[in-house]
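Here is the structure we will look at.
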Amino acid sequence: MEKIIDENKQGEKLATIATEGNTRKLFIESYGCQMNFSDSEIVASIMAKEGFNTTQNLEDADLVLVNTCSIRDKAEQTIRNRLKKYNDIKRKINPNMKVGVLGCMAERLKDKFLEEEKIVDLVVGPDAYKDLPNLIKEVDDGRNAMNVILSKEETYGDIAPVRLNSNGVTAFVSITRGCDNMCTFCVVPFTRGRERSRDPQSVIEEINQLVDKGFKEVTLLGQNVDSYLWYGGGLKKDFKNASEMQKATAVDFAKLLDMVAIAQPKLRIRFSTSNPQDMSLEVIHVMAKHRNICKYIHLPVQSGSDRVLKLMNRQHTRKEYMELVDNIYKIVPEMALSQDMISGFPTETEEDHQDTLYLMKYVKYDFGFMFAYSERPGTLAARKMEDDIPLEIKKRRLQEVINLQQEIGHQRLKLHVGKIQEVLIEKSSKKSDQHWAGRNTQNTMVVFPKNGQYKPGDFVNVKINECTSATLLGEAVGYSENN
Ligand code: SAH
Ligand code: F3S
């Protein structure tokens with residue numbers, strides 16, 4: 001999830017909202033996965049009711065909230081450096097500024113944060129944002145405040161997020177929270193708690209509101225969207241017993257996707273992230289059935305070696321993964337796939353590494369997010385396995401994985417050249433304000449010259465003429481039928 005934000009939104013993002021009558025200023029910034037960016041929109045909504053408008057200016061903020069990431073050690077170091085910056089500003093310019101940490105680091109470090117980082121006044125875990133009004137009162141009274149209680153139910157389904165830094169075209173909608181998978185390297189199950197799914201009705205309502213406001217694309221978010229499952233709903237009297245009722249009214253991810261696609265046939269729908277072990281062929285069939293569901297799946301695999309997959313507690317073999325990929329391409333030949341890979345997991349051998357490279361060649365991923373293994377305190381891997389691959393070797397293997405991905409990605413990119421593709425215009429190109437930028441269904445960035453007629457939010461047919469290392473270049477040839 002992370003890099004997608006890095007590429008499309010350039011890391012941290014600031015935002016402003018202004019509600020009349022609000023007098024206090026909140027500076028909120030987010031790091032890490034899309035879920036954090038989405039959570040910050042929930043937090044901004046809660047804080048707006050408490051009298052806070054957001055500001056882009058750190059120097060005159062009454063309150064700074066930073067939504068943090070723990071996924072790798074480097075992510076945590078980035079936040080520590082950021083806290084130093086807040087400290088500087090507080091000392092030199094803004095002595096009354098209060099600082100709160102939200103998200104995964106808050107959950108992982110708890111009161112250690114208050115001890116280790118004197119600048120921090122407030123620590124709030126991902127399931128405790130509704131307690132912010134009480135916690136802020138504590139801070140106003142001069143006390144440090146903390147709530148890091150995880151929940152089995154909280155989905156924030158009843159909170160209308162405030163869209164931060166919105167391009168007005170694309171938005172995130174979270175559908176599940178937490179993760180029950182317990183991959184041995186991963187800190188997420190500890191920081192985000194048990195997996196729970198959000199009421200499909202509230203998902204559809206949020207999407208309808210987005211469409212009313214002019215949004216053209218949503219990304220359904222979860223650590224593991226394919227295990228989405230909702231049991232509620234239905235009238236008890238219509239069923240003989242509880243289990244019959246549950247079966248009849250259960251909504252799984254395939255059904256949710258179908259519901260959303262039917263409810264808003266002109267809206268583009270994406271989702272992230274899919275865990276291969278939970279992805280059903282039903283989902284692929286639903287993708288094939290609806291033209292408005294984008295033909296792209298982020299399908300992290302982490303390693304191509306059966307031995308390593310087992311040590312990682314990934315619940316599928318390399319063969320099963322390859323079969324899933326074969327089926328995906330069979331059902332939707334134009335599908336784009338991306339991966340997450342970890343190089344240098346404990347005990348990884350050269351042979352395991354070669355298995356990963358082989359798998360990449362087999363699947364032909366369009367792009368990928370690749371990392372060196374970073375030991376996370378408290379995870380099973382940290383407790384039971386020695387982080388025994390020397391940094392130099394981790395780095396070398398990672399570089400080989402990255403190089404191969406670039407090569408394969410470029411081959412895949414070239415396949416688009418010469419075609420006419422539907423692009424949803426999102427914004428001006430980063431490199432030139434004379435060009436529009438948007439994505440095709442496969443999630444590849446497409447850049448083409450502006451010619452006065454089109455605007456962000458338009459679906460345009462673009463003839464692809466050439467490609468750079470990661471972007472397609474083309475020219476608009478008319479509105480697409482989706483407009
Ligand atoms: N299901 C999640 C995965 C979250 S973590 C999702 O929605 O994307 C994102 C990626 O970070 C993982 O797929 C994995 O490749 C990487 N990652 C997680 N823990 C890691 C660790 N300890 N060291 C290196 N990379 C890690
Ligand atoms: Fe982490 Fe595995 Fe869940 S990578 S988020 S424990 S699917």
Side-chain angles (χ1 to χ4, degrees), residues 1-6 31-39 68-77 103-105 107-108 126 172 174-196 219-228 253 270-279 296-304 308-316 321 337-346 348 356 359-360 365 367-387 389 391 394-395 397-398 401-402 405:
M1 275 193 186
E2 250 157 89
K3 279 282 172 47
I4 294 170
I5 290 283
D6 285 344
Y31 291 84
C33 67
Q34 291 162 331
M35 189 67 86
N36 263 5
F37 285 73
S38 170
D39 280 0
T68 61
C69 174
S70 283
I71 200 78
R72 285 168 290 276
D73 184 55
K74 214 172 133 203
E76 292 205 350
Q77 292 316 321
C104 288
M105 263 179 102
E107 193 61 49
R108 194 177 86 70
F172 298 130
S174 67
I175 62 163
T176 70
R177 297 183 70 83
C179 185
D180 286 347
N181 279 336
M182 299 301 276
C183 301
T184 55
F185 53 83
C186 183
V187 78
V188 170
F190 302 94
T191 59
R192 289 194 159 264
R194 298 303 299 270
E195 184 180 289
R196 64 221 96 121
T219 302
L220 307 177
L221 287 185
Q223 297 301 337
N224 189 9
V225 285
D226 293 86
S227 60
Y228 176 91
F253 184 57
R270 299 186 185 277
F271 55 87
S272 190
T273 297
S274 295
N275 189 314
Q277 73 204 39
D278 296 308
M279 177 141 227
Y296 162 64
I297 307 172
H298 183 48
L299 199 62
V301 65
Q302 320 296 356
S303 168
V308 174
L309 286 172
K310 205 157 183 205
L311 288 175
M312 289 176 160
N313 194 32
R314 304 286 290 189
Q315 303 290 321
H316 59 80
Y321 185 87
L337 296 177
S338 61
Q339 42 84 349
D340 287 347
M341 289 289 184
I342 297 178
S343 285
F345 186 78
E348 186 190 68
T356 296
L359 181 74
M360 291 171 66
Y365 296 101
F367 51 98
F369 307 110
M370 296 145 286
F371 315 99
Y373 173 68
S374 165
E375 188 177 80
R376 306 314 294 133
T379 57
L380 198 81
R383 284 184 281 132
K384 297 272 156 73
M385 290 170 234
E386 192 192 337
D387 183 6
I389 308 299
L391 189 60
K394 273 187 195 169
K395 278 192 185 159
R397 288 181 189 162
L398 176 63
V401 168
I402 291 172
Q405 182 54 54

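Heavy-atom basis, side chains included; hydrogens, waters and symmetry copies ignored. Counting from 1, the numbers follow the sequence of the chain as shown. Just follow the structure's listing: the first ligand is 1, and inside any ligand the first atom is 1.
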May I ask whether Asn224 has any heavy atom positioned less than 4.0 angstrom from an atom of ligand 1? no
So, Gln339 side chain and His298 main chain: donor-acceptor pair closer than 3.5 Å or not? no
Any ion pair linking Arg192 and Asp180 (charged N to carboxylate O, less than 4.0 Å)? no
Heavy-atom distance under 4.5 Å between the side chains of Leu359 and Tyr321, does that happen here? yes
So, does Cys183 sit close enough to ligand 1 that a heavy atom of it is under 4.0 Å from the ligand? no
Just distances here: any N/O of Phe185 and N/O of ligand 1 closer than 3.5 Å? yes
Which of the atoms of ligand 2 are close to Phe185, meaning less than 4.0 Å from one of its heavy atoms? 4 (S)
Would you say Glu375 and ligand 1 have an N/O pair spaced under 3.5 Å apart? no
State plainly whether the residues Glu76 and Arg376 are in salt-bridge range, i.e. N to O under 4.0 Å. yes
Neighbouring protein N, O or S atoms of atom 3 (Fe) of ligand 2, below 2.8 Å: 1
Applying side chain to side chain contact (heavy atoms under 4.5 Å, CB included), can you list everything that pairs with Gln277, at least two apart in sequence or on another chain? Asn181, Asn275, Gln315, His316
Report the C-alpha separation of Phe37 and Tyr31 in whole Å, then their side-chain angles, then the decisive distance to 0.1 Å, and conclude whether the ring pair (Phe, Tyr, Trp, His ring centres under 6.0 Å) test is met. CA-CA 7 Å; Phe37 285 73; Tyr31 291 84; 8.0 Å; no
In ligand 1, the atoms that come under 4.0 Å of a heavy atom of Ile342 are 14 (C), 15 (O), 17 (N), 25 (N), 26 (C)
Less than 4.0 Å is my threshold; does some heavy atom of Arg314 fall inside it relative to ligand 2? yes
Measure Ala381 to ligand 1 on non-hydrogen atoms and call it side chain, backbone, both or neither using the 4.0 Å cut-off. neither
Short list, please: which atoms of ligand 1 are under 4.0 Å from a heavy atom of Thr273? 6 (C), 7 (O), 8 (O)
Kindly confirm or rule out an N or O of Gln223 lying under 3.5 angstrom from an N or O of ligand 1. yes
